[in-house]
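This report concerns only the one structure given below.
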Amino acid sequence: MGQYDPRAIEEKWQKVWDEQHAFYADADPARPKYYMLEMLPYPSGTMHMGHMRNYTIGDAVARFRWMRGFNVLHPMGWDAFGLPAENAAIQRGIDPREWTRLNIAEFKRVLKRFGFSYDWRKEISTCEPEYYRWNQWFFLRMLERGIAYRKKSRVNWCPKCQTVLANEQVVNGCCWRHEDTLVEAREIEQWFLKITDYAEQLLADMKEIEDGWPERVLTMQRNWIGKSKGARVRFRVEGSDETIEVFTTRIDTIYGATSVLLSPEHPLVPKLLDSGSASAQDHAEWDRLRKRVLKTEEIATAEKEGFFTGRYALNPFSGEKIPIWVANFVLAEYGTGALMSVPAHDERDFEFSRKYNLPVRVVVQPLNSAPLNGATMSVPFSEHEHGTLVGSGPYNGLSPDEAIEKMTADAEARGFGNAQITYRLKDWGISRQRYWGTPIPVIYCPKCGMLPVPDDQLPVKLPEKVDLVETGKSPLATAPDFVNVKCPKCGEMGRRETDTMDTFVDSAWYFYRYCDPHNDKAPFDEEIVRHWFPIDQYVGGITHAILHLLYSRFFTKVMRDIGLVKINEPITRLFTQGMVQKGGVAMSKSRGNVVGAVEMAEQYGCDTGRLYTLFAAPPEKDLEWSEQAIEGCSRFLQRLYRLVDAQAERLRGVKSLSYDGFDISKATLKEKILLRKAHQTLKRITRDFEQRWHFNASVALIMELFNGLHAQEPLSEGANPAVIKKVFEMMVLMIAPITPHISEELWEMLGNSGGIIKYGWPDYREDLAAEEEYEIVVQINGKVRAKLMVADGQGEEELRQLVMADPHVAALIAGKSPAKVIVVPKRLVNIVLKS
RNA sequence: GCCCGGGUGGCGGAAUGGCAUACGCGGGGGACUUAAAAUCCCCUGUCCUUUACAGGACGUGUGGGUUCGACCCCCACCCCGGGCACCA
């Protein structure tokens, strides 16, 4: 009698898989492929059980697919550039390269300890020149096509750090390291990728993936892109040649416009103020509004403020003269930075106009309620259904939708407006004034201007031993050997670009590189990528619902346009797993509530950890870590081991049941019970793995099968050992994707060799799952009143008569005549009595 | 405010419109043991009737509806979680 020794078993089988190259996946046209991907980790600190859930889910599915005969590409790599390495360097003087490599080694050790089925030959690390070289290559291709461009843009600047801050480093409008120092807005030249060119495609192509992606992720992306249809309309400024262009989705309400509002940053504001009657006070007010950087939490609740510029605009439809105001809630970056204020039909305009006593004029009257009065109404009427236009000259009587169409056309014909689609999505700013990232491959020559680094000079390598102390410039600017470079065109001395790329660039295409990770001629071989793509299943956290996944989709479209790939969308199915919590909050080092993955594995074995992770909650929900429940999982594996161990000697030499010529009707009762249970379980678990991903329910089913076996002890009596062996094998195979190590061990103990992956998933037999008799629930008026056993194969009518003939049922009916009898074969009979 | 999720025993959670609470945890009782641990067996939604065997009523956030039948579908509401949010 052996003892379940997880550590020894896990080590043993990991070695075997390694030696057999069990999970090597090479493109093979003869076999069906499956690309299983989990989001690559940022290697930092120690790995805890919160990290492991993602990989456990992915690994169970990958192993299931292997067993189903797929050739599974299941790679792993490292999102290795980024701020923490740089901060460690600044704070502790460690080389970011060194720090990152140590972390990777640690992460890799943990992943190996858990026996995940990765093809480690495919490993990539984004901070290595072999990888980021292709970031640079993609950048150059985008530069050629005008997708990469430079423009001045506002950044967060901390005057104390003398450096640029990322948005997440701004806390309450102050620097994260200097809580008393307000962050300033500064304009500097930055590189952008024109994702807005693809806004429409990113929206439209969602229909290719909507069956495989969670609806909420698609909704979040849709909102992020923020398409809105409307019109641009130009208002002339009275007494000047200037015009103000506004964007509106409700051109139908233009007769109700009672002011034009400009964003404080609008370029026309200074001109209007200088040439008008603006007082010094107005200028001061303008300054105040312009400088105010609102904290994110404040934006929604902030008081609306503004002032009159002293100038008027002319409504191009009515010719009416309306005042031009500057208002703090008008966004400079959206639309045209100016809008027409229609207080009667817009909540924000209403609030603003009431505050400053600007007139409110109703131009759309609701059809379903009493007519509104602008002077007295307390809530604007903003819906565009169920309304009709009034006070709008020739457009009176139209519905808003009709009016929008007609007025847009008229504006266009009369030359003061046009239809316009506006997106919330902005171009992707990729410049980072940081060291630990991909250098942007551009050279500035005093004679020739900005030039791309020629392809044959890639990669532009990150220099080593750079002084990372903040100076207000990009760290690379302080490395003369890096900066000073000959112009590739004229040979004069020029300067390299010293900004590095956003790390989202790294992760926007890494999954392509996995297919062909060592290619030094191209980012990847197109044919190999064609074999593996699209990704069949991607698993990761909901935190990446927008940026990473949107950028990945964008990159694929650009790659398609370059001619590298032929697909529109890289990811067919996406799954977002829940977080692992302890004490109701996500595990994190800073909270001090982490359960170390290695510690867990040493105490219970990684199979127990994997089992618990999948059993404790459905994979999409958050999971609360419970030490007691983990004990339960450990106990289950011990019982499983003991049960198999107790029979192993007897069964080892027995040939497992062959279905050829096997007739279940001749089997013993014990055999029938066990075979049926096993096949019923198999049917449901197969479905759980293939479609539903209810792994917690799968585990429960296996536990039930186990309990069923246990209940049939002694197993050495009343059943052919070949049957017992078959059922044991099925149980072991079914749990193998979840707890692979113990499964291999038990499989071997049962006398099998060659490994589970090679053997494959068990065959399902409908005839073996079928019951000979069923318990029929008898309901009277929908309430359960009796149960009886009935042989299978009864038709509805036969079943009805059988039930009605039952003496117990007859007594319950007590002579009343049934008004209706509902019969559900194999399940129930509901007798409806007249009341 | 808008858009998604979700609300089931003491807890984590099961349930193609068909026996609500599978499976696990916890709890109670028992067996084994000198004892404990481990292991094994039994019980474990609430209330009521009954000496007992049994039986009944209620029960999936609340209120309605559809249906022979609703945790599941529809309507309204309450609560919790998440996302977005002056986007004109």
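Chain letters run A, B, ... following the sequence lines, proteins first, then strands; residues in each count from 1. Keep in mind it's a predicted model, so treat the numbers as computed, not measured.
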Anything under 3.5 Å between a protein N or O and an N or O of nucleotides 67-70 of chain B, put it in a table, one pair a line.
unit_1 : atom_1 : unit_2   : atom_2 : d
B/C68  : OP1    : A/Lys820 : NZ     : 3.2
B/C68  : O2'    : A/Asn830 : ND2    : 3.4
B/C68  : O2     : A/Asn830 : ND2    : 2.5

Rounded to whole angstrom units, what separation is found between the CZ atom of A/Phe350 and the C1' atom of B/G1?
-> 16 Å

Respond yes when some side-chain nitrogen or oxygen of A/Arg692 is under 4.0 Å from OP1 or OP2 of B/A15, and no when none is.
-> yes

Would you indicate, yes or no, if B/A88 has its OP1 or OP2 atom less than 4.0 angstrom from a side-chain nitrogen or oxygen of A/His345?
-> no

With A/Arg7 via side-chain hydrogen bond (donor to acceptor under 3.5 Å, both in side chains) - residues at least two apart | A/Glu602

Looking at A/Glu320 and A/Arg361, does any basic side-chain N land under 4.0 Å from a carboxylate oxygen?
-> yes

Where the side chain of A/Phe615 is defined as all heavy atoms beyond and including C-beta, which of B/C19, B/G12, B/A88 is the nearest nucleotide?
-> B/G12

Reckon A/Arg827 has a side-chain N or O less than 4.0 Å from the OP1 or OP2 of B/U16?
-> no

Sticking with atom P, work out how far B/A14 lies from B/G6, rounded to a whole angstrom.
-> 11 Å

Side-chain contact check for A/Arg424: nearest option of B/C4, B/C84, B/C25 is B/C84

Counting only side-chain N and O atoms of A/His694, is one of them less than 4.0 Å from OP1 or OP2 of B/A15?
-> yes

Selected nucleotide, minimal atom distance to A/Arg635 side chain, candidates B/C41, B/C25, B/A88 | B/C25

A/Met220 has a side chain; which of B/G83, B/C58, B/G13 sits nearest to it?
-> B/G83

Exactly one of A/Ile322, A/Leu358, A/Leu261, A/Val246 clears side-chain contact (heavy atoms from CB on, under 4.5 Å) with A/Ser341, and that residue is A/Leu261

Nucleotide of B/A57, B/A20, B/C3 approaching A/Val784 most closely (side-chain heavy atoms) = B/A20

Looking only at B/C23, B/G56, B/C86, the nucleotide nearest the A/Phe329 side chain is B/C86

Tell me whether the OP1 or OP2 atom of B/G24 has a side-chain N or O from A/Asn707 closer than 4.0 Å.
-> yes

Output the single nucleotide from B/G24, B/G18, B/U39 whose closest atom is nearest the side chain of A/Met703.
-> B/G24

With P as the reference atom in both, quote the distance from B/C23 to B/G29 in angstrom, rounded to an integer.
-> 23 Å

For A/Ser626, answer base if it contacts any base atom (sugar-phosphate contacts may also be present), sugar-phosphate if it contacts only those atoms, and nothing otherwise; contact means non-hydrogen atoms under 4.0 Å.
-> nothing

Pair assignment for B/C2, Watson-Crick or G-U wobble, requiring both distances under 3.5 Å | B/G83

Going by the side-chain hydrogen bond (donor to acceptor under 3.5 Å, both in side chains) test, name the single residue among A/Gln691, A/Arg692, A/Arg684 that passes it with A/Asp688.
-> A/Arg692

